[in-house]
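What follows is a set of notes on a single structure, which appears directly below.
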Amino acid sequence: MFSARGRAGAPLALVFLALSGCSSSWVCTDTTAERGEAGARVQVEDTDGRSLGVTAEVVDWRLEPHPQVPSEGDRVHFHFRFDRADEITDPAVDACAVDKERVALGCQTVFSSEAFGQDGDLTGDGWLAVEHPEQVAAVLLIPNDQSSHDRRTCEQDLKDGGGRHPPEPATVGDEL
């Protein structure tokens, strides 16, 4: 049947197949991070809940017509700041206009690269279209870094996909 030499090399061949991705028992898992506590000022966190050392803050907000489409009525115009952000990590957080019960009325992801400034202190602004602007009580940021949200899932790429993903971006109706 098999010589002693052949039997000795079999485990090595199995290790090679497993490491090369040719194993039939390839396991890929996706997990989703828990959504962090929204606030006007948050510490941006990775998918494991660890701080990135970057602070994101809503500096101010107001209701006013967007200058490019004033006929559409009031929108939420907000200013935000990222402290200690850099071009390499380019963190991103969801910004949401919420009512007095912290229910999202409109959200969008804001990236530190959309802001301007020096030495890691970056400021920018954004506009949120909401159905009932008169219900807006605050603009809050969700601390989860969304910059890696496009990471491939197991379904998209069994071999190289998977891992920990940020929570789905906030949408209208989510309670924050």
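This chain uses plain numbering: 1 for the first residue, then up along the sequence. For the numbers below, each heavy atom of this structure counts, side chains included, while hydrogens, waters and symmetry mates do not.
E168 contributes atom CD, which lies 8.0 Å from atom CD of Q146 (distance to the nearest 0.5 angstrom). Separating the OG atom in S147 from the CG atom in D90 is a distance of 6.5 Å, to the nearest 0.5 Å. A distance of 10.0 Å separates CH2 of W61 from CG of L140, quoted to the nearest 0.5 Å. How far CG of D125 is from CZ of F78: 8.0 Å, rounded to the nearest 0.5 Å. Put simply, OG1 on T55 and CG on D121 are 9.5 Å apart, with the number rounded to the nearest 0.5 Å.
Proximity of E45 to N144: side-chain heavy atoms (C-beta onward) are separated by under 4.5 Å at one or more points. With contacts defined as side-chain heavy-atom distances shorter than 4.5 Å, the pair P65/D74 qualifies. The side-chain heavy atoms of V76 and L63, taken from C-beta on, include a pair separated by under 4.5 Å.
Heavy atoms only, all atoms of each residue included: V93 and A56 are closest at CG2-CB, 4.2 Å. In terms of heavy atoms, G126 sits closest to Q108 at CA-NE2, 4.2 Å. Here the closest non-hydrogen pair linking A115 and L122 is CB-CB, 3.6 Å. What you find for A95 and L141 is that their closest heavy atoms are CB-CD2, 3.6 Å. Taking both residues in full, the closest heavy atoms of L128 and C107 are given as CD2-C, 3.7 Å, listed atom of the first, atom of the second, then distance. Of all the heavy atoms in T32 and P167, the pair that sits closest is CG2-CA, 3.6 Å.
Ion pair D174/R35 flagged as a salt bridge, since at least one NZ, NE, NH1 or NH2 atom sits closer than 4.0 Å to an Asp/Glu carboxylate oxygen.
Every residue two or more places apart in sequence or in another chain that forms a side chain to side chain contact (heavy atoms under 4.5 Å, CB included) with P91 is listed here: V44, L52, V54, F82, A85, T89, S112, D145. Every salt bridge (charged side-chain N to carboxylate O under 4.0 Å, His left out) that R81 has, sequence neighbours left out, goes to E57, D83.
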R75 and R62: CA distance, side-chain angles, deciding distance, side chain to side chain contact (heavy atoms under 4.5 Å, CB included) verdict: CA-CA 8 Å; R75 292 191 178 184; R62 62 187 168 277; over 6 Å; no
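For residues 27-46, no residue pair satisfies the ring pair (Phe, Tyr, Trp, His ring centres under 6.0 Å) rule, not counting sequence neighbours. Listed by first and then second residue, the side chain to side chain donor-acceptor pair (under 3.5 Å) pairs that reach into residues 93-103 are E37-R102, D94-T109, sequence neighbours excluded. Legend: ring pair (Phe, Tyr, Trp, His ring centres under 6.0 Å) pairs involving residues 124-147, not counting sequence neighbours, sorted by first then second residue: H66-W127, H77-W127.
With hydrophobic clusters built from ILVMFWY side chains whose heavy atoms lie under 4.5 angstrom apart, I142 does not share a cluster with F80. No path of Ile, Leu, Val, Met, Phe, Trp and Tyr side chains, each step under 4.5 Å between heavy atoms, connects V136 with L176, placing them in separate hydrophobic clusters.
More than 12 heavy-atom neighbours from other residues, nucleotides or ligands sit within 6.0 angstrom of CD on E134.
Applying the 4.5 Å side-chain rule to ILVMFWY residues, one finds that V59 remains a lone member of its cluster.
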